[in-house]
2 protein chains.
Amino acid sequence: MTAPARSARQRLAPDARQQQILEGAIAYFAEFGFDGGTRALAQHLGISQSLLFRYFPTKASLVDRVYEVVFLQRWNSRWQGLLTDRSRPLPERLKAFYKDYNHSIDRYEVIRISLFSALRKESISQRYVARLREQLIVPIVAECRAHLGLPAAAGLPSPLEEQLVLSLHATIIYGIMRRHVFDVAPPLDEDFLIDLYVDSFVAHAAESFRRIGAREAERRPAS
Amino acid sequence: MTAPARSARQRLAPDARQQQILEGAIAYFAEFGFDGGTRALAQHLGISQSLLFRYFPTKASLVDRVYEVVFLQRWNSRWQGLLTDRSRPLPERLKAFYKDYNHSIDRYEVIRISLFSALRKESISQRYVARLREQLIVPIVAECRAHLGLPAAAGLPSPLEEQLVLSLHATIIYGIMRRHVFDVAPPLDEDFLIDLYVDSFVAHAAESFRRIGAREAERRPAS
DNA sequence: CACTCAAGTTATCAAACGATTAATAATGCG
DNA sequence: CGCATTATTAATCGTTTGATAACTTGAGTG
C-alpha cells in the first residue's frame with residue numbers, strides 16, 4: 001500500500017531542468033532572501049545541491065537570472081502609450097493603467113524580491129526605479145498638467161508635482177506590500193479601490209497643483 | 001606628524017560599551033541586513049569580534065535588542081490621544097499627527113530595519129503592524145465617520161474604509177521608503193506635502209465613504 | 001608601587017557555506 | 001540488447017560563520 005517511491009533520480013532535459021531551478025529559486029529567494037543557502041534551495045527543489053552548479057556557474061549568476069525575470073519580464077512597454085493617449089480622458093487612462101499595473105506586480109515573489117534587491121542596493125533595482133520615474137511618473141505629471149489646462153513644463157517636472165503623483169502610486173504599492181510583506185490586509189475588491197483612489201486624486205488635482213505652483217513661486221522669489 | 005595612534009585597546013565602562021555596540025549594530029544591520037557577519041560588525045565598531053559575545057550571548061540576542069530599540073522605542077503613546085481629540089478639527093489633527101509620525105520614523109535605520117524584519121516575518125514586526133492598525137488606523141476611520149456625520153460603526157470598521165485610510169498612510173510611508181530604500185527622492189518640503197495630502201484626503205472623504213457604503217450594501221444585499 | 005580584577009584580544013572550535021571532483025545511473029541509438 | 005552519452009549524485013575542498021577558551025593589558029586600590 002505504500003506509494004512506490006518513484007526513482008529518486010529523475011532525469012530531465014537541460015532546458016526543463018534549468019527552468020525548474022529558476023522558478024524554484026524565485027520562490028525560495030522570495031521566501032528566505034538571497035542569503036538563503038544553496039543546500040536548502042536544492043532540497044526545496046528535490047535535487048542535489050551540486051546540480052545547481054551545473055546549470056548556473058555560481059550562486060550569484062542564479063540570483064542575477066532571478067532579478068532579470070522578476071524585473072524585466074514584468075514590465076509592459078505599452079503602459080507609457082496607454083498613459084499618454086489623449087484621446088481618452090485622464091481618469092479613465094489612470095484607472096486602466098493602475099488596474100493593469102497592480103495586476104502584474106501584485107505577486108508574492110515579485111514584491112518581495114523587489115524589496116530584497118532594493119535593500120541590497122542592486123543596480124538592477126535602481127534602474128527599475130529610474131525607469132518607473134521616467135516612463136510612468138514623469139509622463140503622468142505631464143498628463144495631469146495637460147488635463148488641468150496648465151502649460152507644459154519645460155524640462156523636468158517640479159519635484160513637488162512628482163511627489164504628488166507618487167502619492168497615488170504609493171497607495172497601490174503599499175497595498176501590495178501589506179499583503180505580501182506585512183502579511184495583513186485581505187485581498188480586497190482592488191479594482192473598486194483603484195477607481196476610488198484615482199477619482200479622489202483627480203478631483204483634488206487642480207487645487208493641489210495650484211498650491212504647489214504657489215509654493216514654488218514663493219520658494220524662489222527672484223526668477 | 002603621524003597622529004599618535006591611540007592605544008589600540010580602549011577600555012570602556014560596560015554600560016557605555018554595550019550602548020556603543022547596540023548603536024553600531026543598528027547602523028550595520030540597517031545597511032547590510034541581519035545576515036551581515038559579526039566580524040564585519042566588530043570591525044565597523046573598531047573592536048574584536050569576540051567582544052560582541054561578552055555583551056550579547058548570541059547574535060540573535062543582539063538582533064532582538066536592535067528590534068526592540070527600533071520598534072518599541074519609537075512609538076509615541078500620545079498619538080492615539082492626539083488623533084481622537086475632538087476639540088480640534090480632524091484635518092488639523094491628521095496634519096499634526098502625520099508630521100510627528102513622519103518625523104519620528106523618517107530615518108535610514110528605522111525604515112530599513114523595519115523592512116528587513118518584516119521580510120523575515122519576525123513576530124515583533126507583525127505586532128507592530130497590528131498595533132498600528134488598532135491604535136492609529138482604526139481610530140482614524142472612526143474619526144472620519146464622526147467628522148462626516150456618519151453613525152459610529154458597531155464593532156470593527158469595514159475593510160474598505162480601513163483601506164481608504166491606509167491610502168493616506170501609504171503616502172507617508174512610501175515617501176520614506178523612496179528616500180532610504182530605493183535611494184531616490186530628495187528630502188523635500190515634507191510638512192507642506194503632508195498638509196496637501198491630508199487636505200486632499202479630507203476633501204474627498206465624504207464622497208469616498210459614500211461610495212464605499214454603497215459598494216458594501218450591494219455586496220451583501222440580504223442583510 | 002605592586003597587586004587584583006575585569007575589559008579586551010588572539011587563537012581556535014565545530015558547523016555551514018559556495019564550489020569542485022569523481023562516481024553513478026538513466027536515456028537514446030545502433 | 002549492449003553501449004556510449006550525459007544528467008545526476010555522493011563525497012569532498014577551502015572559507016567563512018557564530019561561538020568559546022585561553023591569554024593579555026589597562027585601570028583603580030591599599
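No experiment lies behind these values; they were computed from the predicted model shown. Reminder, nothing fancy here: chain letters follow the sequence lines and each chain counts from 1.
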By salt bridge (charged side-chain N to carboxylate O under 4.0 Å, His left out) - contacts of E162(A) (at least two apart):
R133(A)
What is the separation between atom CG on L52(A) and atom P on dT20(C), rounded to the nearest whole Å?
13 Å
What's touching nucleotides 2-7 of chain C from the protein side, N or O pairs under 3.5 Å?
unit_1 : atom_1 : unit_2 : atom_2 : d
dA6(C) : N3     : R11(B) : NH2    : 3.4

What pairs with S208(A) under side-chain hydrogen bond (donor to acceptor under 3.5 Å, both in side chains), at least two apart in sequence or on another chain?
H204(A)
Could I get the full list of salt bridge (charged side-chain N to carboxylate O under 4.0 Å, His left out) partners for E23(B), not counting sequence neighbours?
none
Whole angstroms only, please: what is the CG-P distance between L45(A) and dT8(D)?
12 Å
Separation of dG8(C) atom P from F56(B) atom CZ, nearest Å, is 13 Å
Detail all sub-3.5 Å separations between protein N/O atoms and N/O atoms belonging to nucleotides 16-19 of chain C.
unit_1  : atom_1 : unit_2 : atom_2 : d
dG18(C) : OP1    : K59(A) : NZ     : 2.9
dG18(C) : OP2    : T38(A) : N      : 2.8
dG18(C) : OP2    : T38(A) : OG1    : 2.6
dG18(C) : N7     : R39(A) : NH2    : 2.7
dG18(C) : O6     : R39(A) : NH2    : 2.8
dA19(C) : OP2    : K59(A) : N      : 2.6
dA19(C) : N7     : Q49(A) : NE2    : 3.1
dA19(C) : N6     : Q49(A) : OE1    : 2.8

What residues form a side-chain hydrogen bond (donor to acceptor under 3.5 Å, both in side chains) with D64(B), not counting sequence neighbours?
none
For residues 43-62 of chain B, which residue pairs qualify under salt bridge (Lys or Arg N to Asp or Glu O under 4.0 Å), counting only residues two or more places apart or in two chains?
none
For R39(A), side chain to side chain contact (heavy atoms under 4.5 Å, CB included) partners two or more places apart:
Q49(A)
Any ion pair linking K95(A) and D191(A) (charged N to carboxylate O, less than 4.0 Å)?
no
Residue list, side-chain hydrogen bond (donor to acceptor under 3.5 Å, both in side chains) with E122(A), at least two apart or on another chain
Y67(A)
Is there a residue in residues 25-32 of chain A whose heavy atoms reach under 4.0 Å of DNA chain D, and which residues are they?
none
My understanding is that only residues two or more places apart in sequence, or in another chain, count here; which of them pass ring pair (Phe, Tyr, Trp, His ring centres under 6.0 Å) with Y174(A)?
none
Could you work out, with side-chain hydrogen bond (donor to acceptor under 3.5 Å, both in side chains) as the rule, every residue matching E190(A), not counting sequence neighbours?
N102(A), R179(A)
